[in-house]
Structure formats: structure tokens, C-alpha cells
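Worksheet: the structure to be examined is printed underneath.
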Amino acid sequence: MSLTESDWQFEQQRMEHVNDQLNQRMEQLAQEVGLVKGDIGDIRKNFWDGITINLGNPDDMGETFFSIKQQADVISERERMHKLAVVTLDKLNRLLHSPYFGRIDFVEQGTTNVESIYLGIASLLDADGITFLIYDWRAPIASLYYDYPPGLVKYETPDGEVTGEMLMKRQYMIRDGVIELMFDTSVTIGDQLLQKVLGHSSEAQMKSIVATIQREQNQIIRNDRSRMLLVQGVAGSGKTSAALQRVAYLLYKHRQTLKADQMLLFSPNPMFNSYVSTVLPELGEENMQQTTFQQYLEYRLNEEYQLEDPFEQLETILSAEENTVEYEARLAGIRFKSSIEFYKVILAYKEVLQHQDILFKPLVFRGRNVVSVKRMKERFYSYDPAIRLANRIELHRDWLLKELSVFEEKEWREAWLDDEVQNLDFDDLHHSFKKLRLNQKGKGATFDDYDKQYEVLARWVVQEKLNPIRHRIQTLRFVDVLGLYRQLFRDDNALSISASKHIQLPDNWHDICEQTLLRLEKLQLSYEDATPFLLIKDLVHGYQSNHSIRYVIIDEVQDYSAFQLEFIKHLFPRSKMTALGDLNQAIYAHASILHESQPVMEMYGAAQTELIRLVNSYRSTRQIVEFTRGIVQGGDQIMPFNRPGEKPQIIVVDDHEQLHKRILIDIEAFLARGFASIAIICKTAKESEAAYEAMKEQLPLLLITKNTILFEKGIQVIPAYLAKGVEFDAVILYNGSKEQYRRENERKLFYTACTRAMHELFIYSLGELSPFLSALNAETYERKEYVDQNVSR
């Protein structure tokens, strides 16, 4: 039904009324903020004026304490009021620019009253304090807007299901109080609004999608049933955006019991954290905790070991010579050490350690054993075998501390202390004399008592010298964790354990062991070894679990191994998990966790796990999606959104000089069209650096590395694996030749690079095309041969 002039007049008048209410409320809040801030300043300035300090007796002390506490409580309450007013003022300020984006007219079953529900990013009451001018998009009734066309509908509330009829659905695009676009629709979210939103230039940071949430995305956002919510979505399906809106929804739904710092996002790289950092603040919520799995590994391991990151691992595999013993062993090792089978091997190894093969580091002082390794092992295996390994280690720690005390008691009489005591400096002597006076108070000892002085000094020296050993014991570093991990790859330990559990080791296990032991001898932990090593450490020391985190969100979950996810599960035992991924973007060497859903389903059991598939791609134009879906197996199931554009272009060049000339021409054209974000995507960091050096004098390029933490607009030169999760107005694939992309295990990396493009995709090839391109339907792209630098597209 077309909108009439009276419809436009009514809606604009209502918009003006809403803006009047917003301005009045903001003016009132601004005054309150100023008054409260002034009150806080006055109270702090005059804090002690109303307090009488009297410490003469216990009653006076108590009265003084409660007087101070009362003043502190007043300040705390004023500060809470100030913070609430500032947050509310910020929300209203955002509403002022675009108060709402949708309207539904709803009649509840059994009534005749028609409610007009206007939806925005926050709620707003009319001046009467009763009538809602705007409903928060997260309110239960708002789900009707996302889930249904007009007709019979239902939604869930805390009190049960509500049914009724939706008479109308209207969508708006409002800017600075003016309705720029308005239409009624019979679908969930109209194509007209999506076309306008998706046709915009990309941003330096991800934006909220509350106005364009699709029904399948809304299922993700409002799902609060499952312990594990697994979202398998194609490139550009909005799975990450939906996950962030899900965080905002959960914070709204559980606002009395859930805080942002009880939610944790594992993101694919540090730059991605910057890219998504504004979504929650846009919705009036604080950002949750954000990290990468690599950052967690570094926090636990980097001080002791040289730790490889996933990007270094990928660079090694992409650059290595194929079909060599070393290459095959590394690939096989990565896959096995990332598997749930290896996880089971380590759990079985822990059971072995309960009875034998535990390894300790010697506690040595001045060339002598404080406690020998032999004695440590004998004592350890004398404990009740029923006591679990980590608890036994704690018992062992307490015993070693007692043994150290016995050793210390004897050591202060040793002859070596004579020189040490004689060579003490003034500060040390002063410290020891203070200790002597404290210890001998009331016992008649004086500073003239030489023997007592010497004993105190000697004991103090021994204590200081033994403190490093004491610290090692207290931190459980007497356990040789590296030795325990190394032991798995020696003397057929893993062979016997795996055989007992009916687990098949790789055929080239011997080569894998040699490679692993060589790295461990150099204190190097490869990426695939880091999590298994930490598991052994936690099995011995006890898990470093975090019980405060309630929700964990893992983005790009296909890049996590089954081993890593099982480990994360134990790190956050109270948490629900949301895992987002795309099998077609599984670029790392281990088998993807999404290759088959069974390992994920088994993490919490099928009853507590829900799988949602997203097949509609919204990021790219229809032509780009039709092109890229031909690169991967099963791509015909990817459904493009009908946003028209130009076909991707494939340009063959003879050398790097031609390549760079043509790239310069194309980028100038992109900039002339107003594209704010352009990516030159290379295969590796090495190729990215070379491309950057070759063109940085002609273009204002940004070189993106694994250490880049800020996502910015502009012309970026970036390795394909770092481009995951972000999008660009235009993408130039630097070299899509057969020489560069020929291995089957590079197909998904190639696909990932191509799917970053929103509006334009250009692929250059130095010579013969990659088989990923030559096998495509020629109707999905336009092929060009380079002629000269003035060639037109």
C-alpha cells in the first residue's frame, strides 16, 4: 500500500514531537549532571568539615568511623547518579539524530486496542511518564518486527507467550530529525532499506545493524537457551554483527545480574578488536572484554618460551617447499596435535603420571641438593594414589617448603657465611639490627652480644639466598613441565598410551617427534604445541579457571582446533559459548572445527547445543557473490542479496612493473568514486611488504602487519589472513596467479581474500591464472589483458 501525503505529515509531526521531548529531557539531564557534579565537588572539598576526629576511646573511634563512612557513602551515591545521568544523556543524544527506524501496529488477541510500537536503539517515555514514544529494539515485543510480516504473530515475554495480529510494518531512514525514507513492507526487513544501507561506503569501524537485522540473525541475537550456540554462516552473512547485537541484547535482558566485564570475545587478530570497538557503545552498552587466543597464550607462556603465533605458522606452511619429509611431518604434526585424539592422549598421560614418570627439577643450593630428585619422586609416589595429580603437587609443595626450612636451619652455621656476613653493606646491617632488636625485645640481648648479632646476620643472609628456591617451590616450578611434554615424544610414550586408548598416531610419527624435540630443546613452542603444553601444565598445577565469565564469544571459530576449544571450555566452566564461523574460510593447516559438527556438538552434548546456518550473503554485490561462490565446494548454496554491481575483473600482466602501473590507475579511479577503504590483498606478509615498498612513493599506503592494532580507512596493503572479518569498498588481489595460488590448501585463503570486497573486486595475475580462477564460469567475471598503462577498463 502506497503512503499518502497525510501519512507523511502525521509521521513528520510525530517526529517533531519526539524531538521536542528528547530536547526537553536532555536539557533537564544536562542541568542535573551539572548540579550533581557540583555537589560532588563541594562534598569532596568540605569532606572533613562535618567530621570530628575523636580517637580517645572505642566508642569515640566507632562514631568517627561511621561519620567518615556516611560522608563517603554520600559521595558514592552522588557519583552513581552522575554516571547514570551521563549515560542516559549519551543515549538520548544518539536518539536525537535518528530516534527510531521501525514501527509495527499490533493488536493483542482478545482485545481491540491497536498499539503503534516505534523501535529505536533505546526506550523513551512521553512527558506523562507512562506512554512509550520509542521502544528499545531489544524489548520482547520488538522481535515481531524482525521475525514476521503483517498477519498473525506471537512473541515471548517473561510471563509467557503473547499472540495477536500485526496490522502494519513501516520502516524509516531518519537523519537529524528529518524522515528521508519511509515505506510499508510485507517482508521482515525491506530490500529498499537494505539496498540503501549496504550501498554506503565501508567504515573504519563496524556499525550497529539493529535497523536491518534479518530474521535468521534475530534467532542468533535472542537465543538464550543453548549452552553452545554454533553459527555457521557464509562470508558477509552478518554473523559477527549479529553476535555483537546479541551481546547488547543479553546485557539488556539480564541487566540486573550481567555486566559487560562478564562477557569475553575471542577475536581473530588485534586489529579486529579496533574494528568492532564502537558497536556496543553505539547501543549504549559498555564494551565487553576482548582478546585473541594468541594473547592468552602469550600471557601464560611468553616469558619462558619463544612462542610461535598462528600467522607465523601459516606463513611457514605457505612458504615451505612441498613434498619434503619436513613439510609433510609439520603438516601431520599440526593436524594431530590439534585433534581431540591428542587431547585424549594427554588426559591418558595424566593417569600414567599418577603412578609413574613424574619429572621434577632439582632444588640445588651452592652445588648441593636441598632435596634430591630421587627423594622428591619417592615422596610424591608415597601419597595416597586416590589423590588427584594437582592436589598431590600441592601436598608436595608444602612438604618441600618444610624441607627447605630444615635445610635453612642447618645452613646458617656453615663456614661460607663468614665472608658473606663480613661483606654486608650498611643497609643490610641496619636491617638485620632492627630485626635483632625486634626478636630479642625483653630478652636482655644488646648490640654488644656478638654471637647473637652474628646469628641474626647469618640467618638473614641464608634466608635471602634461599628466597629464589622458596619462590620456585611456591610457584610449583619444581615440576619439570617442559620435560613432561618432551617425554611424550620420547621412548614411545605416546605410542603406548595411544595404543591403550585405541588412538591411531600419524604414519610419520617418528619424524613429528624429531621435529618437536628439536624445537623444545631450543625452548621454542610451535603454535600447535602451545595449547597441549598448557593443558599438561594445568593438569599438573591445577586449572586456571575463570568462574566470573558468563558468556564467551569466539569469532572465526573454524580457525580453532578441537583441542583448543576443549581447552577453552575448561578455562570458563560457568560460561555459555557462542561460536561463529565459516568452513569456507578455514585457512589454517589443522582440520577445521567446522569440517564436521560432531566435535562441537559433543562439547556440551546435543541437548545443550544449537546450530544455526546463515546462507544469505549481504556484504558484496550480487555479481561478486556469484563469482566468489564458484571458488569453494558447495558454493551454490550461498545466496547473494540482490544488490547490483560490476562483475569482478581479472587482469593478466607480464611483470611487476605492469602490475604496479595498473594498480595505480585503478586506485585513482576508486578514489575518484569516493571509495574510502581500499585493500591490496597479498598472500603473505613478505609479499605485502614487497608490494608496499614498490608503491609507497606513488600512493599513501598503510602496511598492515600482525602487530597492527588500529583499523583505519585508506589504502591498505594486507596479508589475506589478516583481512578476515573486515570489509573494504574495493579489493585488489595483488597476484592471483598459478605460481602464487596452486595448492588445494590455499583455496580457502584465496576465497577469503576475494570475499572482503563490498563493491568492486579486481584480481591481477602475473602470468597464468590460478586453477581456482581458470575453473570458474567465464560468465561471472570480465577478463582483461594488460596492454599499456593507459589501457581503459
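Residue numbers run from 1 in the order of the sequence given.
At a cut-off of 3.5 Å, with distance as the only test, no side-chain donor of His759 or Arg619 sits close to an acceptor on the other residue. Side chains of Thr163 and Gln109: a donor-acceptor N/O pair is present below 3.5 angstrom, by distance only. Inspection of the Ser548 and Asn546 side chains reveals an N or O donor paired with an N or O acceptor under 3.5 Å. Judged purely by distance below 3.5 Å, without hydrogens or angles, the side chains of Ser116 and Asp105 pair a donor atom with an acceptor atom. Using modelled atom types and a 3.5 Å distance limit, the side chains of Gln564 and Glu566 yield no donor-acceptor pair.
Arg300 pairs by the salt bridge (charged side-chain N to carboxylate O under 4.0 Å, His left out) definition with Asp538, not counting sequence neighbours. Residues passing the salt bridge (charged side-chain N to carboxylate O under 4.0 Å, His left out) test with Lys239, sequence neighbours excluded: none. Every residue two or more places apart in sequence or in another chain was checked for a side chain to side chain donor-acceptor pair (under 3.5 Å) with Gln217, and none qualifies. Considering only residues two or more places apart in sequence or on other chains, Arg550 meets the side chain to side chain donor-acceptor pair (under 3.5 Å) condition with none of them. Checked against side chain to side chain donor-acceptor pair (under 3.5 Å), Arg756 has the following partners two or more places apart in sequence or in another chain: Gln585. For Glu156, the side chain to side chain contact (heavy atoms under 4.5 Å, CB included) partners at least two apart in sequence or on another chain are Glu161. For Val615, the side chain to side chain contact (heavy atoms under 4.5 Å, CB included) partners at least two apart in sequence or on another chain are Met639. With sequence neighbours left out, the side chain to side chain contact (heavy atoms under 4.5 Å, CB included) criterion links Gln21 to His17, Gln24, Asp126, Ala127, Leu133. Every residue two or more places apart in sequence or in another chain that forms a salt bridge (charged side-chain N to carboxylate O under 4.0 Å, His left out) with Lys576 is listed here: Asp224. With sequence neighbours excluded, the residues forming a side chain to side chain contact (heavy atoms under 4.5 Å, CB included) with Pro270 are Thr292, Gln295, Ile709, listed by chain and number. Evaluation of the salt bridge (charged side-chain N to carboxylate O under 4.0 Å, His left out) rule for Arg138 yields Asp136, Glu285 as partners, not counting sequence neighbours. Residues passing the side chain to side chain donor-acceptor pair (under 3.5 Å) test with Glu610 are Asn223, Arg225, Ser226, sequence neighbours excluded.
Contact between Met263 and Leu258 at its shortest, heavy atoms only, is SD-CD2, 4.0 Å. Taking all atoms of both residues into account, the shortest heavy-atom contact from Val625 to Ser617 is CG2-OG, 3.8 Å.
For the pair Ser575 (side chain) and Phe572 (backbone), a donor-acceptor distance under 3.5 Å is absent. Without hydrogens or angle criteria, Ser677 side chain to Asp729 main chain gives no donor-acceptor distance under 3.5 Å. In this structure, the side chain of Gln171 does not engage the main chain of Phe183 through any donor-acceptor pair within 3.5 Å. Here the side chain of Asp7 pairs no donor or acceptor atom with the backbone of Leu3 at under 3.5 angstrom. With hydrogens and angles disregarded, a donor-acceptor distance shorter than 3.5 Å links the side chain of Lys569 to the backbone of Met603. Checked by atom type and distance alone, the side chain of Ser620 pairs as donor or acceptor with a backbone atom of Ala757 at under 3.5 Å. A donor-acceptor pair is defined here as one N or O able to donate and one able to accept, closer than 3.5 Å; no such pair exists between the side chain of Arg103 and the backbone of Leu119. Between the side chain of Ser277 and the main chain of Ser274, a donor-acceptor pair closer than 3.5 Å is present. Not a single donor-acceptor pair under 3.5 Å links the side chain of Asn93 to the backbone N or O of Asp90. In this structure a side-chain-to-backbone donor-acceptor pair under 3.5 Å is present from Gln214 to Thr212.
Among Asn273, Asp555, Leu264, the one residue that satisfies the side chain to side chain contact (heavy atoms under 4.5 Å, CB included) test with Gln290 is Asn273.
The aromatic rings of Trp137 and Tyr146 sit perpendicular, their planes meeting at an angle over 60°, well past the 30° parallel limit.
Contact annotation: the side chain of Gln245 never approaches that of Ile220 to less than 4.5 Å [non-hydrogen atoms, C-beta and beyond]. Tyr604 is listed as a side-chain neighbour of Met577, based on a closest heavy-atom distance under 4.5 Å. Using a 4.5 Å heavy-atom threshold, the side chains of Leu614 and Val234 count as separate. Counting heavy atoms from C-beta outward, Pro99 and Asn19 have side chains that approach closer than 4.5 Å. Put simply, the side chain of Leu29 reaches to within 4.5 Å of the side chain of Leu92, judged on heavy atoms. Val153 places none of its side-chain heavy atoms less than 4.5 Å from the side chain of Glu165.
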Q: Could you check Ser143 against Arg222 for side-chain hydrogen bond (donor to acceptor under 3.5 Å, both in side chains), going step by step and ending with a plain yes or no?
A: CA-CA 9 Å; Ser143 65; Arg222 295 175 188 262; 4.8 Å; no
Q: Take Val557 and Leu565 through the test side-chain contact (heavy atoms from CB on, under 4.5 Å) and record every step on the way to the result.
A: CA-CA 9 Å; Val557 71; Leu565 286 184; 3.8 Å; yes
Q. What's the verdict on side-chain contact (heavy atoms from CB on, under 4.5 Å) for Tyr560 and Ile568, showing C-alpha distance, side-chain angles and the deciding distance?
A. CA-CA 10 Å; Tyr560 288 74; Ile568 290 174; 4.0 Å; yes
Q: Could you walk me through whether Thr578 and Val552 pass the side-chain contact (heavy atoms from CB on, under 4.5 Å) test, one step at a time?
A: CA-CA 6 Å; Thr578 303; Val552 171; over 6 Å; no
**Q.** Worked verdict on Tyr296 versus Phe567 for side-chain contact (heavy atoms from CB on, under 4.5 Å)
**A.** CA-CA 12 Å; Tyr296 173 77; Phe567 185 75; 3.9 Å; yes
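Atom CD of residue Glu11 and atom CE of residue Met182 lie 5.0 Å apart, to the nearest 0.5 angstrom. Summarising the geometry, atom CG belonging to Leu580 is positioned 9.0 Å from atom CZ belonging to Arg246; distances are rounded to the nearest 0.5 Å. Atoms CE and CD1, on Met168 and Ile117 in that order, are 11.0 Å from each other to the nearest 0.5 Å. To the nearest 0.5 Å, the span separating CG on Leu571 from OH on Tyr543 amounts to 8.0 Å. With rounding to the nearest 0.5 Å, the separation of CG in Leu230 from CD1 in Ile612 is 9.0 Å. The distance from atom CE of Met15 to atom CG of Leu22, rounded to the nearest 0.5 Å, is 9.5 Å.
At least one test fails for Lys724 against the ring of Phe272: distance under 6.0 Å to the centre or angle within 45° of the axis.
Between Tyr252 and Tyr249, the gap from one ring centroid to the other reaches at least 6.0 Å. Here Tyr100 and Tyr172 bring their ring centres to under 6.0 angstrom of each other. Under the 6.0 Å cut-off for aromatic ring centres, Tyr148 and Phe106 do not qualify, their centroids lying 6.0 Å or more apart.
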